[in-house]
Amino acid sequence: MDVTLHLAQEPAADELLGRSPLAALTGMLLDQQVPMEWAFAGPHTIATRLGADDLDAHEIASYDPEAFAALLSTKPAVHRYPGSMAKRIQQMCQYLVDHYDGDAAGLWRDVSTGDELLKRLNDLPGFGKQKAQIFLALLGKQLGVRPKGWREAAGDYGAAKAYRSVADITDPESLQKVRTHKQQLKAAAKAAK
């Protein structure tokens with residue numbers, strides 16, 4: 001991986017996301033109940049607070065849980081729920097250590113189908129089907145990871161120019177299109193009630 005993503009809307013944070021598989025996975029994990037930019041800036045904030053230029057799954061998995069929660073809680077906090085997200089990040093990193101020797105890219109390096117990659121992503125602690133599909137779409141659309149059938153496995157998020165999720169954000173204009181789509185979904189859900 002070595003592309004420029006535009007998810008955090010901060011150059012240093014986006015640069016890290018584009019070169020670090022673990023940072024991208026961590027940003028996706030953090031992307032819930034906070035603005036997308038805040039979530040995807042989180043990996044850079046964590047790396048900076050660890051005194052590193054990247055995240056390391058072995059280091060994070062073995063970090064003292066209370067100290068790691070404090071690291072995420074330091075103002076400005078990495079997430080609205082820094083304690084619970086610290087635990088989830090450590091669980092994800094431990095899973096990567098146990099199954100991929102800490103190499104986040106190992107999740108997709110040798111997959112032959114989109115379904116297989118979706119299963120691997122779905123097996124990650126903190127990743128459900130929707131989060132796994134969105135990340136799969138991000139891998140395919142922006143990071144060049146395109147096993148056979150990846151668009152189908154990513155569901156609606158895999159469609160070209162769908163503007164449904166972070167997978168489609170490449171600039172301020174596409175960010176606005178994704179926000180508009182999400183606002184329309186919320187309005188429809190509210191109207192259905």
Side-chain angles (χ1 to χ4, degrees), residues 1-50 52-57 60 72 76-82 85 88-89 92-93 96 103-105 107-109 114 117-118 121 124 126-147 150-151 153-186:
M1 286 180 28
D2 195 13
V3 299
T4 301
L5 296 178
H6 301 279
L7 306 178
Q9 302 291 301
E10 293 176 20
D14 282 331
E15 186 274 332
L16 176 61
L17 294 169
R19 69 174 161 82
S20 169
L22 182 55
L25 274 174
T26 301
M28 190 74 232
L29 182 64
L30 291 168
D31 190 20
Q32 57 189 37
Q33 300 178 324
V34 296
M36 176 209 62
E37 297 91 338
W38 185 5
F40 283 95
H44 183 260
T45 302
I46 295 168
T48 300
R49 290 178 184 175
L50 290 171
D53 67 353
D54 197 355
L55 300 179
D56 181 280
I60 292 171
L72 268 68
V78 170
H79 194 274
R80 179 179 292 155
Y81 304 106
M85 293 313 291
R88 286 184 181 181
I89 292 168
M92 180 183 74
C93 286
L96 292 170
D103 179 13
L107 281 162
W108 55 83
R109 185 172 293 116
L117 179 51
L118 180 62
L121 291 168
L124 284 172
F127 274 63
K129 182 180 179 184
Q130 183 179 32
K131 192 174 286 284
Q133 284 184 312
I134 292 169
F135 195 77
L136 175 54
L138 177 66
L139 287 169
K141 290 180 177 184
Q142 296 196 48
L143 299 172
V145 178
R146 299 180 180 114
W150 72 269
R151 284 192 188 273
D156 290 341
Y157 302 105
K161 299 181 182 179
Y163 302 108
R164 295 179 174 275
S165 72
V166 299
D168 299 299
I169 297 172
T170 57
D171 56 26
E173 183 182 334
S174 56
L175 171 62
Q176 189 54 50
K177 288 179 180 180
V178 170
R179 284 223 165 96
T180 299
H181 173 74
K182 290 185 177 196
Q183 289 167 350
Q184 290 170 343
L185 288 178
K186 285 181 183 178

Minimum heavy-atom separation for [X] and [Y], please, with both atom names.
{"X": "A77", "Y": "P82", "answer": "CB-CG, 4.4 Å"}
{"X": "L117", "Y": "P147", "answer": "CD2-CG, 4.1 Å"}
{"X": "F40", "Y": "L17", "answer": "O-CD1, 3.5 Å"}
{"X": "L22", "Y": "C93", "answer": "CD1-SG, 4.1 Å"}
{"X": "I46", "Y": "T26", "answer": "CD1-CG2, 4.4 Å"}
{"X": "R19", "Y": "D53", "answer": "NH2-O, 2.6 Å"}

K131 bridged to D31 by N-O distance under 4.0 Å: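 Not counted as a salt bridge, because no side-chain N and carboxylate O are separated by less than 4.0 Å.
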
Salt bridge E173-K161, side-chain N to carboxylate O under 4.0 Å: no

Test item: [X] side-chain N/O and [Y] main-chain N/O as donor-acceptor pair under 3.5 Å:
{"X": "W38", "Y": "V78", "answer": "yes"}
{"X": "Q142", "Y": "I169", "answer": "yes"}
{"X": "D14", "Y": "T4", "answer": "no"}
{"X": "R80", "Y": "Q33", "answer": "yes"}
{"X": "R146", "Y": "G140", "answer": "yes"}
{"X": "E10", "Y": "A41", "answer": "no"}
{"X": "K182", "Y": "S165", "answer": "no"}
{"X": "R151", "Y": "G158", "answer": "yes"}
{"X": "H79", "Y": "L30", "answer": "yes"}

Check the pair Q133, L118 against side-chain contact (heavy atoms from CB on, under 4.5 Å), reporting the backbone distance first and the verdict last. CA-CA 7 Å; Q133 284 184 312; L118 180 62; 3.7 Å; yes

Any donor-acceptor pair under 3.5 Å linking the side-chain atoms of S174 with those of D168? no

Find out whether I89 and L29 are in side-chain contact, i.e. whether some heavy atom of one side chain is under 4.5 Å from a heavy atom of the other.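 The answer is yes, as the side chains (C-beta and beyond) meet within the 4.5 Å cut-off.
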
Rounded to the nearest 0.5 angstrom, the CD-CD distance for Q183 and Q176 is 6.5 Å

Reported CD1-to-OH distance for the pair I134 and Y157, which is rounded to 0.5 angstrom: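 Rounded to the nearest 0.5 Å, the CD1-OH separation comes to 4.0 Å.
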
